[in-house]
Amino acid sequence: MVEKVIMKSNIEKANQYIKDNKHKVKEQYRHLYHFMGEVGWINDPNGFSMYDGEYHLFFQYHPYSSEWGPMHWGHAKSKDLIKWTHLPVALAPVEEGPEGGAAFSGSALEHRGEHLLMYTENWNGVQVQNIAKSKDGIHYLKLSDKPVITSDMLPKYASKKDFRDPKIWIEDEVFYSLVSSRNDENNCGQLLLYSSNDFLEWSYERTLVKSDGTIGEMWECPDLFTLNNHEVLIVSPQYMKSKGEGYQNLHSSIYMLGNYDKNLESFDFKQYCEIDSGFDFYAPQTLLDDKNRRIMIAWMSMWERNMPTNDLGHKWAGSMTIPRVLTTKNGKLIQTPIDEIKKYRIELLEVTKTVSGMFDTDVHDDVCELDVSITNLSSRYFGLELMKSQDEKVVLMYDVENKLLSLDRSNTGYPICGNELENNSNIRKTAVDLMNDKLSLRMFLDKSSIEVFIQDGVKTMTSLFYPKSEDKGISLFAYEGEAMFDVKKWKLKR
Ligand code: DQQ
């Protein structure tokens with residue numbers, strides 16, 4: 001077995017750069033309880049896994065600027081998924097330059113005391129899969145000089161350029177890897193399954209699932225797992241066309257509940273759903289923890305938009321969502337913030353009020369959890385204005401007649417523009433049913449982000465915003481009638 005310290009000098013260079021520059025990031029929009037890189041750019045979560053009793057999170061990392069560049073794997077670990085300890089960079093590009101074997105996304109698993117990784121190496125646009133391992137959860141060694149899954153292991157029409165983001169797991173002592181692929185003939189996403197008995201020698205098994213032609217182009221970052229007797233497949237399709245209020249971002253993340261037989265012949269799905277109905281959610285990954293929880297984390301951002309912290313020279317860009325526990329109910333995926341977040345609650349404030357028109361509360365906060373239950377007594381529109389100042393606000397509004405909840409970040413300070421042609425409005429809407437005339441919203445504000453868990457996690461909306469004002473008021477409103485608000489607010493302190 002070849003064991004070589006990989007990319008050693010590029011790893012050392014990156015670690016030195018981080019050490020020398022991390023104090024230069026501007027704090028203004030930095031989150032206080034969401035995961036971020038120490039300096040520079042981050043995107044997709046990678047290798048989200050447990051190793052030696054702790055949670056490990058790797059991530060796509062370009063420490064040298066707040067823009068995407070030759071990819072490294074940053075690395076951190078945590079005991080509770082909220083407080084993270086940064087560790088040295090785990091993987092780096094093999095050579096200098098944008099195409100020199102940069103380490104694109106992949107996954108990890110713990111096996112017989114070792115932490116195994118599989119990731120994509122990007123060589124002049126040709127993508128291949130490589131492996132690494134660690135015995136201490138800090139230093140990662142390349143296991144093979146040559147990539148273990150290469151372009152000559154592709155089925156007919158599978159693109160050599162779009163072949164990435166392996167998801168690995170072990171079942172009955174056999175290793176499996178599910179790799180994203182684009183079919184060159186029809187420009188559709190598909191997932192290719194490979195297997196191995198020793199993690200070193202891999203063979204192509206089959207194309208496990210293909211797009212039916214309605215699900216965008218390339219499918220990035222797959223994940224496949226069992227949850228409450230369902231098989232769940234998660235992918236992030238690029239350039240999915242919007243449908244009604246759904247899939248309004250240029251790229252989307254979806255889940256499919258389906259079946260695959262014991263021999264993994266194929267994955268059959270009947271329908272798919274957008275995982276998050278906000279603006280900033282992409283490339284989620286999951287792990288199964290030692291408490292048997294299936295936990296998902298995602299990049300809290302979106303491609304092909306300006307990144308205000310980059311535009312403003314703050315020397316960082318990108319963060320992750322709050323880790324969310326996944327369950328299913330009535331054939332839908334339910335997302336619940338991990339319970340550990342409750343440990344960080346302090347200073348409960350409560351407001352109970354029947355509102356008609358606009359009511360400005362005395363509550364002000366931008367690093368907090370809000371648990372809001374709203375009973376509609378008679379109104380046509382009701383909701384909350386957050387991060388409120390003279391000129392700015394983030395608005396959550398429920399339209400009773402059309403049963404639509406909207407999140408409006410169009411008046412929140414620093415502008416965010418994307419390549420989406422149809423949706424540059426900075427308002428997203430999603431269909432929500434009231435339950436016994438009630439809307440329940442659990443919300444997390446963290447300086448420049450909001451995550452909304454709607455009706456106990458049946459839907460979520462995740463978005464960034466960049467206020468210019470220092471004010472962060474909270475107002476309640478009900479128009480064309482009354483609504484009764486029950487608001488609990490905790491400051492979150494890490
Ligand atoms: N980001 C990685 C790719 C992946 C994409 C590159 C998804 O491996 O397909 O940074 O955001």
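Formation of a donor-acceptor pair under 3.5 Å by the D446 side chain with backbone atoms of L32 is found in this model. Although no hydrogens or angles enter the test, the distance criterion places no donor-acceptor pair under 3.5 Å between the side chain of D311 and the main chain of N306. With hydrogens and angles ignored, the 3.5 Å screen pairs no side-chain donor or acceptor of T321 with any backbone N or O of P323. Under the 3.5 Å distance criterion, the side-chain polar atoms of E217 are left unmatched by any main-chain donor or acceptor of Q238. Judged purely by atom type and a 3.5 angstrom limit, S151 has no side-chain atom pairing as donor or acceptor with the backbone of K160. E38 places no side-chain N or O within 3.5 Å of a backbone atom of N21 that could act as its donor or acceptor partner. In this structure, the side chain of N186 engages the main chain of C188 through a donor-acceptor pair within 3.5 Å. Judged purely by atom type and a 3.5 angstrom limit, S49 uses its side chain to pair as donor or acceptor with the backbone of G47. Listed for the S463 side chain is a donor-acceptor partner under 3.5 Å among the backbone atoms of F279. The closest donor-acceptor contact from the side chain of Y33 to the backbone of V367 lies at 3.5 Å or more, if one exists at all.
A ring-ring contact (aromatic ring centres under 6.0 Å, His included) with F104 is found for one member of W73, W68, Y61, Y119 and no other, namely W68.
Judged by distance alone, the side chains of H251 and E220 never bring a donor and an acceptor atom under 3.5 Å apart. Side-chain polar atoms of S134 and H139 form no donor-acceptor pair below 3.5 angstrom. If you check the side chains of K13 and N10, you find no donor sitting under 3.5 Å from an acceptor. With no hydrogens or angles considered, no side-chain donor-acceptor pair links H72 and H62 at under 3.5 Å. With no hydrogens or angles considered, a side-chain donor-acceptor pair links Q129 and T120 at under 3.5 Å. Judged by distance alone, the side chains of D80 and Y344 do bring a donor and an acceptor atom under 3.5 Å apart. Side-chain N/O atoms of T286 and R293 include no donor and acceptor closer than 3.5 Å. No side-chain donor from either of D162 and Q127 sits under 3.5 Å from a side-chain acceptor of the other. Side-chain contact check for N249 and R305: at least one donor-acceptor pair (N or O, by modelled atom type) lies under 3.5 Å. Inspection of the N130 and E121 side chains reveals an N or O donor paired with an N or O acceptor under 3.5 Å. Counted by atom type alone, S196 and E201 present zero donor-acceptor pairs between their side chains at under 3.5 Å. A donor atom on one side chain and an acceptor atom on the other are not found under 3.5 Å apart for K459 and S277.
Closest non-hydrogen pair, M240 versus G216, comes out as CG-N, 3.6 Å. Of all non-hydrogen atoms in M118 and S177, the two that sit nearest each other are SD-OG, 3.3 Å. When every heavy atom of K26 is checked against every heavy atom of R30, the shortest pair comes out as O-CG, 3.4 Å. In terms of heavy atoms, V89 sits closest to A14 at CG2-CB, 4.1 Å. A pairwise comparison of heavy atoms in K135 and Y51 identifies O-OH, 3.1 Å as the closest pair. In this structure, W202 and M153 approach most closely via the heavy-atom pair O-CE, 3.0 Å.
The six-membered or imidazole ring of F163 lies away from that of W123, with a centre-to-centre distance of 6.0 Å or more. In this structure, F175 has its ring center closer than 6.0 angstrom to the ring center of H111. Remark: aromatic rings of H314 and Y29 are close, center separation under 6.0 Å. Ring centroids of F58 and Y140 are separated by less than 6.0 Å, placing the two rings close together. Taking the six-membered ring for Trp, F35 and F59 have ring centres closer than 6.0 Å.
By the neighbour-count criterion of 12 heavy atoms within 6.0 Å, atom CG of D456 is sparsely surrounded, having that number or fewer from other residues, nucleotides or ligands. Within 6.0 Å of NZ in K491 there are more than 12 heavy atoms belonging to other residues, nucleotides or ligands. Under a cut-off of 6.0 angstrom, the local environment of NZ in K329 is sparse, with at most 12 non-hydrogen atoms contributed by other residues, nucleotides or ligands. Around NZ of K156, the count of heavy atoms belonging to other residues, nucleotides or ligands within 6.0 Å does not exceed 12. Residue N229 qualifies as open at atom CG: its count of foreign heavy atoms under 6.0 Å is 12 or below.
In this structure, CG on D268 lies 11.0 Å from CD on E231, to the nearest 0.5 angstrom. Note that CD1 of I168 and CG of L117 are 7.0 Å apart. Values are rounded to the nearest 0.5 Å.
R442 places none of its side-chain heavy atoms less than 4.5 Å from the side chain of L370. With a 4.5 Å cut-off on side-chain heavy atoms, T328 and I334 do not count as touching. The shortest side-chain heavy-atom distance between E369 and R345 falls under the 4.5 Å cut-off. Taking the side chain as every heavy atom from C-beta outward, H115 and K133 never approach each other to under 4.5 Å. Put simply, the side chain of L91 does not reach to within 4.5 Å of the side chain of I11, judged on heavy atoms. N310 has its side chain out of reach of W41: every pair of non-hydrogen atoms, C-beta onward, lies at least 4.5 Å apart. Side chains of I346 and W490 form no contact here, defined as non-hydrogen atoms less than 4.5 Å apart. With a 4.5 Å cut-off on side-chain heavy atoms, T207 and L193 do not count as touching.
In this structure, the side chain to side chain donor-acceptor pair (under 3.5 Å) partners of K243, at least two apart in sequence or on a different chain, are Y272. Every side-chain contact (heavy atoms from CB on, under 4.5 Å) that S253 has, sequence neighbours left out, goes to S236, I275, F281, Y282, P284.
Checked for salt-bridge contact, D280 and R409 meet the test: a charged N lies under 4.0 Å from a carboxylate O. A salt bridge does not link K472 to D365: none of the charged side-chain nitrogens sits closer than 4.0 Å to a carboxylate oxygen. We find that D276 and R428 are not joined by a salt bridge, their nearest charged nitrogen and carboxylate oxygen being 4.0 Å or further apart. Using a cut-off of 4.0 Å between Lys/Arg side-chain N and Asp/Glu carboxylate O, K447 and E27 are scored as not salt-bridged. Under the 4.0 Å criterion applied to side-chain N and carboxylate O atoms, E173 and R112 are assigned as salt-bridge partners. A salt bridge does not link E185 to K210: none of the charged side-chain nitrogens sits closer than 4.0 Å to a carboxylate oxygen.
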Test side chain to side chain contact (heavy atoms under 4.5 Å, CB included) applied to M296 and Q335, step by step: CA-CA 9 Å; M296 175 178 73; Q335 302 176 49; 3.4 Å; yes

Please report the C-alpha distance between I450 and L386 in whole Å, then the side-chain angles of each, then the deciding distance to 0.1 Å, and finally whether the side chain to side chain contact (heavy atoms under 4.5 Å, CB included) criterion is met. CA-CA 10 Å; I450 182 166; L386 306 168; 3.5 Å; yes

Test side chain to side chain contact (heavy atoms under 4.5 Å, CB included) applied to W303 and L250, step by step: CA-CA 8 Å; W303 293 110; L250 209 51; over 6 Å; no

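Applying the salt bridge (Lys or Arg N to Asp or Glu O under 4.0 Å) test to residues at least two apart or on different chains, none of the pairs has a partner in residues 186-196.
Figure legend: cation-pi geometry between R182 and W219 absent, as NZ or CZ is not positioned both under 6.0 Å from the six-membered ring centre and within 45° of its axis.
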